Amino acid sequence: MKDKVLAEFKARFGADGDIRTYFAPGRVNLIGEHTDYNGGHVFPCALTIGTYAVVRLRDDKKTRMYSMNFENLGIMENNIENLKASKEADWTNYPLGMVWTFKQKGFSIDKGFDMLLFGNIPNGSGLSSSASVEVVTGVMLNDMFSCGIDNKEISLLGQYSENNYNGVNCGIMDQFAVAMGKADNAIFLDTATLEFEYAPIKLSNSKIVIACSNKKRGLGDSKYNERRNQCETALAELQKKLSIKSLGELSPEEFEANKELITDDVNRVRAKHAVYENQRTIDAVKALKANDIAKFGKLMNESHVSLRDDYEVTGIELDTLVEASWEQKGVIGSRMTGAGFGGCTVSIVENDAIDSFIENVGKTYKEKIGYAADFYVVEIGEGARRI
Ligand code: GLA
């Protein structure tokens, strides 16, 4: 792949000078959904698919960017001064947001660049294609301008950019997973402290299968921000009595004993999801360490039910995929993954059952929804880096 993107860069931007290539993966979250902006735990892993970036600095302040995924947009030009997100900038809002962020944080980004991107993460699929673009740009800026920061810090800058340049109030999970991934491991991350631990995913006779609903998120971003506000309102009410900084500090028992402090019924079930999902994530990692993969799968299923009924971020497409998955033999667990409102599901499926899983779930989905889902049997890969 590196040779292919490099050749493409040279064809578009010329072959001379110091040309460097970088990669950042996509991610899939195994469990711990909508907990990261609530100070809870998440358990994502990086994938081997992701975004490639080929870059050469310029002598002026221009940026010229080309994406092999959006060929019709051609080379998009901008300037590193006076950056501001705009509709016209389209996908380049993600890399430009990183330039803006690095400058905001005091790094000296004093030259523009030519950049070619290629991503093999399906777009808008909820596998963090945007975090992947942000982090690959962050790794590039850090290297090209010798900023001297590590990948953890780059992930925080990626989140800052998404929040403040692109206006999505996301948590830290995606950028962290993309920046810090490790092959064959998931990351057990406490989003309140950013303490984390790698946990080996040893699925001897099964694999991770992602099913992409092909339903674009559409209004997802505004609904996402709405969920976040509902949790914040619930927290503020709990704080009238409890001295907690986030919902992630509450055990399910503490929540049950205090939930009447939350006056709105909807906000109460949103907070309930955040608290119980955090506990499920902690329990799931324990189960995995004890080699109890059946329990891990059961917790994945419970996570989906909670996201469907209490958090209400699934929708008919994701529910159809997951409910059809639960009926298949050889399925250890299945749930929606990522923000929801479309995007993907993640399932753990026994090797022997993968073909029939894809066939049967695919058939049920097409019959009910009217268009096809795509399936990917994925491997867990390394985090962002120069290649
Ligand atoms: C999106 C956000 C993450 C996280 C998930 C839901 O992927 O970017 O920060 O909140 O949704 O778990």
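Note that ligands are numbered from 1 as they come in the structure, with each ligand's atoms numbered from 1 the same way. Since this is a predicted model, take the numbers as computed values, not measurements.
On a distance-only criterion, E33 and ligand 1 share at least one N/O pair closer than 3.5 Å. The shortest N/O to N/O separation between N29 and ligand 1 does not fall below 3.5 Å. Residue-to-ligand polar distances place G171 within reach of ligand 1: an N/O pair is separated by less than 3.5 Å. For a threshold of 3.5 Å applied to N or O pairs, the pair formed by Y37 and ligand 1 contains no separation below that value.
Of the heavy atoms in R227, none comes closer than 4.0 Å to ligand 1.
Taking T51 as the reference, S132 meet the side-chain hydrogen bond (donor to acceptor under 3.5 Å, both in side chains) condition, with sequence neighbours excluded.
Neither side chain, R335 nor S347, offers a donor N or O lying under 3.5 Å from an acceptor on the other. Side-chain N/O atoms of D374 and N214 include a donor and acceptor closer than 3.5 Å.
A cation-pi arrangement is present between R12 and Y66, with the terminal nitrogen or guanidinium carbon under 6.0 Å from the aromatic centre and inside a 45° cone about the axis.
Close approach to Y224 involves these atoms of ligand 1, each under 4.0 Å from a residue heavy atom: 1 (C), 2 (C), 3 (C), 4 (C), 9 (O), 10 (O), 11 (O). Of all atoms in ligand 1, listed by their number and element, those nearer than 4.0 Å to a heavy atom of M173 are 4 (C), 5 (C), 12 (O). Distances below 4.0 Å separate heavy atoms of C170 from the following atoms of ligand 1: 2 (C), 8 (O), 9 (O). Which parts of ligand 1 touch G338 is read off a 4.0 Å heavy-atom cut-off, strictly below it: atoms 6 (C), 11 (O). Distances below 4.0 Å separate heavy atoms of R27 from the following atoms of ligand 1: 7 (O).
With values rounded to the nearest 0.5 angstrom, I358 atom CD1 is found 11.0 Å from Q328 atom CD.
Comparing D174, T337, N163, T35 by heavy-atom distance to atom 7 (O) of ligand 1, the nearest is D174. Between the choices A339, G343, A131, the shortest heavy-atom distance to atom 11 (O) of ligand 1 belongs to A339.
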- prompt: For L247 and L238, what are the C-alpha separation, side-chain angles and deciding distance, and is it a side-chain contact (heavy atoms from CB on, under 4.5 Å)?
  reply: CA-CA 9 Å; L247 295 175; L238 290 166; 3.6 Å; yes
Criterion salt bridge (charged side-chain N to carboxylate O under 4.0 Å, His left out) on K202 and D184, from CA distance to verdict: CA-CA 8 Å; K202 290 176 275 179; D184 302 321; over 6 Å; no
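Atom NZ of K298 sits in a sparse spot, with 12 or fewer heavy atoms from other residues, nucleotides or ligands closer than 6.0 Å.
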